[in-house]
Amino acid sequence: MPYRPSEIEPLWQDHWEKHDSYVARIVPGQPKFYALDMFPYPSGKGLHVGHPAGYTASDVVCRFKRARGFNVLHPIGYDSFGLPAEQRAIDEGIAPQVSTAEAIETFRRQLKRLGYSYDWSREISTCDPAYYKWTQWIFTRLYAKRIAYVGEGFVNWCPELGTVLANDEVIDGKSERGNHPVERKRMSQWMLRISAYADRLLSGLDTIDWPEATKTAQREWIGRSEGAFVDFAVEGSSEKVTVFTTRPDTLFGATYLVLAPEHSMVDGFTTEAQREAVAAYQKRTAGRSERDRQASKEKTGVDTGARAINPATGKTIPVWIADYVIAGYGTGAIMAVPGHDERDWEFAKAMGLPIVEVISGGDVAKAAYAGDGVMVNSGPFDGTATAGGEAIRKVTAWLAEKGCARATVNFKIRDWTFARQRYWGEPIPVLKDGEQVVRALTLDELPLELPPVADYAPTGTGESPLARAVNWLDVDDPVTGRHLRREVDTMPGSAGSSWYFLRYCDPHNDQEFCSREASDYWMPVDLYVGGAEHRVGHLLYSRMWQKALFDEGFVRDEEPFAKLRHQGMVLARTFYIAGESGKFNHLTIPESVVKDDDRTALIRAAGHDEPVAAEVRWEKMSKRKGNVVNPDDIIDLYGVDSLRVYLCFLTPLESDKPWQTSQLEAQHDWLKRVWRLFFEGDDDSPRAQDVAPTPDELKLLHRAVDKVTRDIEALSLNTAISALHVATRDLARMGTRSREVLAPLAQLVAPFAPHLAETLWTRGAGKPVTPGGVAYEPWPVAEAKWLVDDTVTIGVQVNGKTAGTIELALDADEETAVAAAKALDSVGRQLAGKSVAKVIYKAGKILNLIAK
RNA sequence: GCGAGGAUGGCGGAACUGGCAGACGCGCCGGACUUAGGAUCCGGUGUCUUACGACGUGCGGGUUCAAGUCCCGCUCCUCGCACCA
């Protein structure tokens, strides 16, 4: 009888479920291991093979860690608030509550089929009121600490749709739906003061084991830069313009100021003569999306007519507005030093503004010089070298003494806009009187549940659809005795995902979001696996929430994720055929593939009688491209274990995975070979017997144990499987029957192909069935004596070039080695007519004969 | 432009602190067993060469007895950020 995954897989899944095999409980004193997967957004389309790529890797580690004696927490849940469900509600009138519940149903069924060792009793969903009660409560803590505040933020406003759009709903300045113009609009809304955590978010990165690229992305996002605020007096005004600069040492060369068009002082300064031009430019800027503005590097701007005083030179300089200065960064105003800043130089050239050299070393007539040099045209500082930062310190100190500058650290990171004008999100638990926030709800008033609404479509005013829930909106507040109104904005999708890893530790607690006992035991996450696309969003927000909770003593650790790894995307072939231009740029879903040569193919396609030539590209799976593989289909054909092994074997965890069914079949074939090592005959009688293993068998086994153990620890799953290939191949050739060898082999297979392994372990190796299963059997230990050979094959080189190999005793001396080498024909030929001048011999590694 | 990562057979990928480059798998070629094979098993497979051998880890230099691995200078690719003062 052959290996039949469709029979054994459901059997063991039932067993695990019935016996709560993977339910995690706090066991004081036992080392814990918390393995976390980024929880999925349950879309209506169900899971695709991209999800299991990462989930399988963490599951392998979990099963391994259990066998190594760790108390493993491996939870799963759903990030279930979000736009797609809301869009479906608008399009089809299905309540998001309903469509989300259906989608979760599908996801749960699919995830269970994949055989992950999740503790399903800890399943959570961010749109569940029992969950978002605590999301809301954390918000009220942030509000109490003034980390949550109402501020002015910019949104993508689409007048045509009457709604606010997310960044990815805006394409080339137009709405993705309907292609209507989108403008940037200032709106008063909830923000989180993530900038207050900037320094700690930065320094915390040094304490965690994350991919360097991800740390770099966060560092850049936070964007720390040292510099100074410098005040410029404005003629005829008592107000001063403050600029941020990283180069106070170039102040003598500041020949004009530039304010962002949105800068709040612009209107006050602008002279009558320039008012019209300035207003026109401001309007033009507002009409351009941020992306638009950044797309063009062309310098534009308008003189406000105002004149400021350079505090270093005392000279009068013009004040301009230009869109290359960003309102949200620094003070929204700069001192322009065209001699030593490329952007200022280009602007000065375009507008005919003066350029002054204040640091020698370049030719400011030709280009801005940003390098180091010696200060010139800088009054008392002439001759000061700029290298090393001394010049900056001196000038800043001098200005500080005059009261017009202070050293400062500026961050690029902007506060987090924490509101969406949408329905399908956590209601923000506050009561307002008009624009005025009166109070946040208290714990006993939570959760503030999302009320049903009749219509999910945008209101057209920019308010969320909650504005229609009139019975819910108006409140006679028993606490203040006032007639108040609820907030109609909801929280963004990233709210619920910013703390879910804590809730998993204590998911049913209705007194606290998570007890200290639970988080102290389970946290921090020991391994977090998820997509690199969350580099700066989710991974930064979660760190901030953790720090906020830490500051209030609600959690012990400042960093939530001790170790992070990203999994690669699953790619599939897409076919492009030639259009009229002759370029292969027409995405085509083939009816069948006739011929396939990796980069090119012949395909049959709709509208073509004959097969047509197509270019093959590997792209992320998507429904539109017709290259999606559904895990259910794969499982039907080959079983889950084959899929799991394939995903692990294909590429290293973090690399993209080009989906090739032939490779998957190969892993299925390997599992069949494993099966035949344990069972034989038509009745599948177990082959294992109580016979003493041979030294060769033990050597093979222990080497496999050693390699697989080290590889799983290093998350090098592809090489672990290749070691298992070798072990099963060689043991099969030896006809191994020894239970002493086969039983541990089943354990090595278990993390990767857990269902098969349970059968191998019990029926195959004759071990008793236990509630926990093979995952809890102590992991085999590689004995050192089997890992070393008595003899070793080393390479022989003549003048550094390979000339054969010799087999030697491990501790053979140089004389023996040279003699053995000289006995080789190939070495003899190389040495003919020469004498050995020098011998390099590294026992067990190499013998190199230097001949002359 | 800035930052990060990468480049090894026809393909996915191995290679510990420098020490026999190409493990394992796909594909391809050949064979065995079969009524059959898209089952199973065995063998071969970097390039050139009849052989001996030579050449081979993106390119050009260097260090070393020895370099995929270390150093210097490039090219190309992927991802992120992008007028950040």
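Residue numbers start from 1 in every chain, and the chains themselves are labelled A, B, ... in the order their sequence lines are given, proteins ahead of strands.
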Enquirer: Sequence neighbours left out, what passes side chain to side chain donor-acceptor pair (under 3.5 Å) with A/Arg729? Give chain and number order.
Expert: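 Result, side chain to side chain donor-acceptor pair (under 3.5 Å) vs A/Arg729: none returned.
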
Enquirer: Would you mind writing out the side-chain donor-acceptor pairs for residues 809-816 of chain A within the sub-3.5 Å range, not counting sequence neighbours?
Expert:
residue  : atom : partner  : partner atom : Å
A/Asp813 : OD1  : A/Thr816 : N            : 3.0
A/Asp813 : OD1  : A/Thr816 : OG1          : 2.3

Enquirer: Checking A/Arg393 now: which residues fulfil side chain to side chain donor-acceptor pair (under 3.5 Å) with it, not counting sequence neighbours?
Expert: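 Residues passing side chain to side chain donor-acceptor pair (under 3.5 Å) with A/Arg393: A/Glu390.
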
Enquirer: Considering residues at least two apart in sequence or located in another chain, which fulfil the side chain to side chain donor-acceptor pair (under 3.5 Å) criterion with A/Asn718?
Expert: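 With neighbours one apart ignored, the set is empty.
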
Enquirer: Base, backbone or nothing for each nucleotide of nucleotides 31-39 of chain B, written B, S, -, heavy atoms under 4.0 angstrom, 5' to 3'?
Expert: --------S

Enquirer: For A/Thr214, report the nucleic acid contact type (base, sugar-phosphate, nothing); a contact means any heavy atom under 4.0 Å.
Expert: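 Since no nucleic acid heavy atom lies under 4.0 Å of A/Thr214, the category is nothing.
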
Enquirer: For A/Trp221, which residues count as a side chain to side chain contact (heavy atoms under 4.5 Å, CB included) partner, sequence neighbours excluded?
Expert: A/Ile413, A/Val536, A/Leu540

Enquirer: Under 4.0 Å, counting only non-hydrogen atoms across every strand here, what does A/Ile840 touch: a base, just sugar-phosphate, or nothing?
Expert: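 A/Ile840: base contact, heavy atoms under 4.0 Å.
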
Enquirer: For residues 707-722 of chain A, which residues have at least one heavy atom under 4.0 Å from RNA chain B?
Expert: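 Residues of residues 707-722 of chain A that come under 4.0 Å of RNA chain B are, in numerical order, A/Asn718, A/Thr719, A/Ser722.
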
Enquirer: Of all residues at least two apart in sequence or in a different chain, which pass the side chain to side chain donor-acceptor pair (under 3.5 Å) check with A/Ser378?
Expert: none

Enquirer: Regarding A/Arg733, tell me which of base, sugar-phosphate or nothing describes its non-hydrogen contacts under 4.0 Å with the strands shown.
Expert: sugar-phosphate

Enquirer: Among residues two or more places apart or on two chains, list those pairs meeting side-chain hydrogen bond (donor to acceptor under 3.5 Å, both in side chains) that have a residue in residues 644-659 of chain A.
Expert: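 side-chain hydrogen bond (donor to acceptor under 3.5 Å, both in side chains) check on residues 644-659 of chain A returns A/Asp59-A/Arg644, A/Thr651-A/Lys657, A/Trp659-A/Thr661.
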
Enquirer: Protein-nucleotides 67-69 of chain B N/O pairs closer than 3.5 Å?
Expert:
none

Enquirer: Run the side chain to side chain contact (heavy atoms under 4.5 Å, CB included) test against A/Ala57 and tell me which residues pass, sequence neighbours left out.
Expert: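 Side chain to side chain contact (heavy atoms under 4.5 Å, CB included) list for A/Ala57, sorted by chain: A/Leu653, A/Leu717.
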
Enquirer: Hey, does A/Glu212 reach any base, or is it just sugar-phosphate, or nothing, if we go heavy atoms under 4.0 Å?
Expert: nothing

Enquirer: At a cut-off of 3.5 Å, list every protein nitrogen or oxygen paired with a nitrogen or oxygen from nucleotides 51-57 of chain B, distance to 0.1 Å.
Expert:
residue : atom : partner  : partner atom : Å
B/C52   : O3'  : A/Arg829 : NE           : 3.3
B/G53   : OP1  : A/Arg829 : NE           : 2.8
B/G53   : OP1  : A/Arg829 : NH2          : 2.9

Enquirer: Please classify B/G9 as syn or anti, treating any glycosidic angle within 90° of 0 as syn.
Expert: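 Here the answer is syn: the torsion falls within 90° of 0.
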
